[in-house]
Amino acid sequence: DSERQDRVVYRFTTSNTHLKIALPVGADLGSLEMHIDGRRLTPELDRQRELSIALPGLPRSEHLLELRYHFVDAQTLGQLALACPQLNPAGWTQQLYWQLVLPENEHVLFAPAHYTREFSWVWSGLLWQRQPPLEQRELESWVGTVSSGAVTSGDSPRVAGETEEQFAARERQRVGSTNRYLFSTVGTVEPLEVYSLTRARLVFLASLPLLLGGLLVIYFPSARHPAVLFALALFILSASLVDPESAVLLAQASSLGLVLTVVAAVMARVSVRPQVATIAVRGSSKAIERTATEMYQRAPGSRPSTATNPLVPTAPPEGES
């Protein structure tokens with residue numbers, strides 16, 4: 001929800017005997033847990049708020065570093081700029097995976113352009129969902145935490161006496177209650193900037209414009225002009241080509257507005273009554289109201305009869321004025 005917790009695993013090679021680590025701004029140093037090659041360390045804090053640790057082993061050796069910490073301030077929705085710890089000195093990053101785990105009712109709307117989006121759209125139930133190709137267990141196996149056993153695997157350790165099938169079922173249930181996004185990059189690691197929204201707010205912001213546009217078309221005939229509809233379709237198509245993934249997400253979220261627009265169109269159709277034609281007769285103070293279904297056709301060339309045609313006034317009898 002409003003709290004943020006980071007777990008960082010670095011596999012790196014260095015010839016230095018000491019390593020300095022700069023944590024992101026806002027990280028709680030009191031909650032920091034650090035492991036290097038499977039051994040827990042208590043780092044030293046210098047004046048620049050950098051962690052300094054001594055590296056075991058021979059020069060030019062490979063190490064596995066794990067950090068766990070959380071943030072003091074609550075995280076707000078909307079624009080998020082997530083930074084990761086920086087290793088000093090650090091060279092070229094060959095490959096970095098960043099897994100972002102959000103609550104089930106929170107979604108990423110816009111993803112950063114300088115990160116590769118490592119997920120695909122799959123059909124699940126009644127909607128399209130983004131599914132990453134690598135989950136937490138696969139990421140741990142890729143970095144080497146599962147095979148080497150140097151780092152505690154997973155955020156939910158196995159309960160004593162729990163079988164492999166029970167543990168896998170519990171992991172699937174835990175994963176199913178979150179939204180997971182995977183990004184990757186190489187070279188210089190920049191902050192991960194994303195824009196997230198709750199599901200209720202996303203549905204509201206996507207459905208409201210569609211509903212207002214539908215009501216405008218229903219009750220204002222001038223809005224149904226072909227030029228207006230063509231311009232609107234061209235705008236939607238252009239926006240979809242710029243960011244197809246956000247377009248799919250917004251299209252699904254606007255389904256409520258589409259349903260409400262259809263209901264409004266049906267109600268407007270049913271509530272419209274047939275128009276009544278009012279014909280005034282000269283010399284009479286009354287008007288004769290007749291609908292289209294009450295009109296009758298006469299044969300071509302026939303002359304109307306004053307006896308049968310109620311629309312032709314009859315002359316008053318002689319002696320009457």
Side-chain angles (χ1 to χ4, degrees), residues 1-12 20-29 31-34 49-51 64-121 129-140 142-143 145 151 154-155 175 177-199 201-202 242-250:
D1 296 330
S2 61
E3 296 183 0
R4 172 186 170 186
Q5 181 179 355
D6 286 6
R7 179 193 180 196
V8 186
V9 180
Y10 285 145
R11 179 176 291 276
F12 63 95
K20 290 187 176 182
I21 305 172
L23 295 181
V25 178
D28 184 14
L29 298 179
S31 63
L32 177 64
E33 296 181 8
M34 178 180 296
R49 293 183 58 84
E50 289 186 344
L51 305 177
L64 190 65
L65 172 67
E66 181 183 14
L67 304 172
R68 291 174 183 261
Y69 53 88
H70 62 261
F71 287 76
V72 179
D73 299 332
Q75 302 295 307
T76 58
L77 298 178
Q79 187 72 28
L80 298 177
L82 310 178
C84 63
Q86 300 292 330
L87 304 183
N88 298 320
W92 180 265
T93 302
Q94 295 182 356
Q95 182 72 34
L96 182 137
Y97 282 109
W98 194 314
Q99 184 189 44
L100 179 62
V101 183
L102 298 178
E104 186 179 7
N105 63 338
E106 187 175 346
H107 303 269
V108 169
L109 183 57
F110 299 109
H114 53 273
Y115 276 84
T116 303
R117 308 173 188 183
E118 300 286 348
F119 47 78
S120 57
W121 288 89
Q129 294 183 356
R130 288 169 285 191
Q131 180 176 345
L134 300 176
E135 292 292 352
Q136 180 171 306
R137 297 288 293 180
E138 288 81 6
L139 293 173
E140 291 173 346
W142 169 78
V143 77
T145 61
V151 183
D155 291 331
V175 169
S177 61
T178 58
N179 289 325
R180 302 164 319 282
Y181 306 92
L182 187 63
F183 307 94
S184 66
T185 186
V186 297
T188 303
V189 180
E190 300 181 10
L192 181 69
E193 298 179 354
V194 297
Y195 191 85
S196 63
L197 284 175
T198 59
R199 184 176 304 169
R201 185 175 298 181
L202 178 61
V242 172
D243 195 346
E245 295 180 355
S246 299
V248 173
L249 186 62
L250 291 175

Please assess L249 against R130 for the test side chain to side chain contact (heavy atoms under 4.5 Å, CB included), listing each intermediate value before the final yes or no. CA-CA 10 Å; L249 186 62; R130 288 169 285 191; 3.5 Å; yes
Where do Y181 and V194 land on the side chain to side chain contact (heavy atoms under 4.5 Å, CB included) test, with the steps shown first? CA-CA 11 Å; Y181 306 92; V194 297; over 6 Å; no
CA sep, side-chain torsions, deciding dist, call: F183, F119, side chain to side chain contact (heavy atoms under 4.5 Å, CB included): CA-CA 8 Å; F183 307 94; F119 47 78; 4.1 Å; yes
Could you go step by step and tell me if S196 and L80 meet the side chain to side chain contact (heavy atoms under 4.5 Å, CB included) rule? CA-CA 8 Å; S196 63; L80 298 177; 3.8 Å; yes
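The salt bridge (charged side-chain N to carboxylate O under 4.0 Å, His left out) test applied to D6 returns R4, not counting sequence neighbours. The side chain to side chain donor-acceptor pair (under 3.5 Å) check on E118 picks up S184, with sequence neighbours excluded. Taking the salt bridge (charged side-chain N to carboxylate O under 4.0 Å, His left out) definition, one finds that R201 meets it with nothing, sequence neighbours left out. Take D28 and apply the salt bridge (charged side-chain N to carboxylate O under 4.0 Å, His left out) test, not counting sequence neighbours, and it matches no residue.
In this structure, R68 contributes its side chain and E33 its backbone to no donor-acceptor pair below 3.5 Å. Judged by distance alone, the side chain of T185 and the main-chain N or O of L96 form no donor-acceptor pair under 3.5 Å. Under the 3.5 Å distance criterion, the side-chain polar atoms of E138 are matched with a main-chain donor or acceptor of E135. Here the side chain of T178 pairs no donor or acceptor atom with the backbone of V101 at under 3.5 angstrom. Looking at H114, its side chain does come within 3.5 Å of a backbone N or O of P191 through a donor-acceptor pair. In this structure, the side chain of S246 engages the main chain of L109 through a donor-acceptor pair within 3.5 Å.
Taking CG of L23 as the reference point, atom OH of Y69 lies at 6.0 Å (rounded to 0.5 Å). The CG atom of L182 sits 13.0 Å away from the CZ atom of R117 when rounded to the nearest 0.5 Å. To the nearest 0.5 angstrom, R180 atom CZ is 7.5 Å from Q131 atom CD. Expressed to the nearest 0.5 Å, how far OH of Y10 lies from CD1 of I21 amounts to 9.0 Å. Put simply, CG on N179 and CG on N105 are 8.0 Å apart, with the number rounded to the nearest 0.5 Å. Note that the OH atom of Y115 and the CD atom of E193 stand 9.5 Å from one another [nearest 0.5 Å].
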Taking distance alone, no hydrogens or angles, what donor-acceptor pairs closer than 3.5 Å link side-chain atoms of residues 87-95 to residues at least two apart or in another chain?
| from | atom 1 | to | atom 2 | distance (Å) |
| --- | --- | --- | --- | --- |
| N88 | ND2 | E50 | OE2 | 3.2 |
| T93 | OG1 | G187 | O | 3.1 |

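Scanning all heavy atoms of the two residues, the minimum distance from C84 to P24 falls at C-CG, 4.0 Å. Here the shortest heavy-atom pairing between L102 and H107 reads CD1-C, 4.5 Å. Across all their heavy atoms, L100 and V108 have their closest contact at CD2-CG2, 4.0 Å. The minimum heavy-atom distance between R199 and E104, with the atom names listed, is NH2-O, 2.6 Å.
Taking 4.5 Å as the limit, some side-chain heavy atom of M34 sits within range of a side-chain heavy atom of L65.
Note on residues 82-97: no pairs pass salt bridge (charged side-chain N to carboxylate O under 4.0 Å, His left out), not counting sequence neighbours.
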